[in-house]
Amino acid sequence: MSAEPATTLSVIPIPGREGAVEVPWDGETARARGVFGFDSMDTRSRSFNLIRARLLEMNMKRGWRMIGVVSATPNVGKSFISANVSASLSRDPRFRTYVVDLDLRRGSLSDFFGLAPESGLRDYLQGTPGVDAPAVYHLEGERLLIMPTMAGKIHSAELLAGERAQTLLRSMRVSDEKNLFIVDLPPVFANDDASTAMGRLDAYIVVAEEGKTKQREIQDAVNLLGDARLAGVILNKYRGGVVSEGYGVDDYYAAGYGQAEAKPKS
Ligand SMILES: Nc1ncnc2c1ncn2[C@@H]1O[C@H](COP(=O)(O)OP(=O)(O)OP(=O)(O)O)[C@@H](O)[C@H]1O
Ligand SMILES: [Mg+2]
């Protein structure tokens, strides 16, 4: 009788708060770093709360727990949105929210949260000796759990398609139902990384920058990833002003979302 090789279906425990490294954090640090989603009193958290509400609705209707954050072009604010939406989600005690940095080359979540990971996701994915699970960080006083990476020139496509990445994504999938994962990804047209990771995620958000991202670019990204899994399009750096100047975020939901909404509850 030939059993599957142990490695193909292996699962690792996803560390919870007890296995996480606690780092100093307070409201002032959060504001200085542009992370507003933790503070419901800050008007700048409002748009993230709206996005949170949509994601929780989709969680209820469709069971979506693993959400990628992508864009067509670089530098539109994916990591800013990932950090803030996950901060907002983490305030809901019914769930345990993780934000995962799978932008292996330009990962910047560690900058948003002021982390200097000794061993990040990259070490786990590369099979660095002694690193058998991704390091998880926890901000003092908050519930959010962070899996950062260290940016660098690496063969990210091979790493993301590799055994360890597949094990991690499978482990996230089979982990506790109340775990939600916001996954920061590179732009879809930069390389294959976002598409590869999306193979194991439930849905995605497209971040667009007002005045910069073209409708056509959003459409091309949606065509590539498929509109059935489109959770929404977020217009970032929106000057129309739902929140204060400079940090505006407007979420508008594209055709794909409308379609998803129109489908009857299963
Ligand atoms: N709404 C906003 N208001 C002000 N600054 C913002 C806003 N969104 C993003 N930024 C800033 O713009 C810069 C780029 O944002 P971010 O790193 O989130 O983009 P990205 O899409 O993740 O980039 P990359 O493609 O390199 O991963 C950061 O310095 C971020 O703090
Ligand atoms: Mg980024």
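In each ligand, atom 1 is the first atom listed, and ligand 1 is the first ligand listed. Note that these values count all heavy atoms, side chains included, but never hydrogens, waters or copies made by symmetry.
At under 3.5 Å, a nitrogen or oxygen of R106, whether backbone or side chain, sits near a nitrogen or oxygen of ligand 1. Annotation: V76 places an N or O atom under 3.5 Å from an N or O atom of ligand 1; distance criterion only. Considering both main-chain and side-chain atoms, N75 comes within under 3.5 Å of ligand 1 through a nitrogen or oxygen pair. Note: no N/O pair closer than 3.5 Å links F112 and ligand 1 by distance alone. At a 3.5 angstrom cut-off on N or O pairs, F80 counts as close to ligand 1.
Within the set R44, E210, K78, R33, the minimum heavy-atom distance to atom 21 (O) of ligand 1 is found for K78. Residue nearest to atom 8 (N) of ligand 1, selected from N236, V70, I234, I81: N236 (by heavy-atom distance).
Interatomic distance, CD of Q166 versus CZ of R170, reported as 7.0 Å (0.5 Å rounding). Interatomic distance, CZ of F36 versus OG1 of T43, reported as 9.5 Å (0.5 Å rounding). Put simply, CG on D123 and CG on D132 are 11.5 Å apart, with the number rounded to the nearest 0.5 Å.
Taking a cut-off of 2.8 Å, the protein N, O or S atoms nearer than that to the Mg ion (ligand 2) are S79 OG.
The residue from V100, L109, L89 that alone fulfils the side chain to side chain contact (heavy atoms under 4.5 Å, CB included) condition with I182 is L89. Just one of R173, R65, R62 meets the side chain to side chain donor-acceptor pair (under 3.5 Å) condition when paired with D202; it is R173.
Take F113 and apply the ring-ring contact (aromatic ring centres under 6.0 Å, His included) test, not counting sequence neighbours, and it matches W25.
Side-chain contact between Y204 and V222 is present, with at least one heavy-atom pair separated by less than 4.5 Å.
With a 4.0 Å cut-off on non-hydrogen atoms, K237 touches ligand 1 through its backbone as well as its side chain.
Using cut-offs of 30° and 60° on the angle between ring planes, the pair F112 and F80 is tilted.
In the vicinity of P74, heavy-atom distances shorter than 4.0 Å reach the ligand 1 atoms 25 (O).
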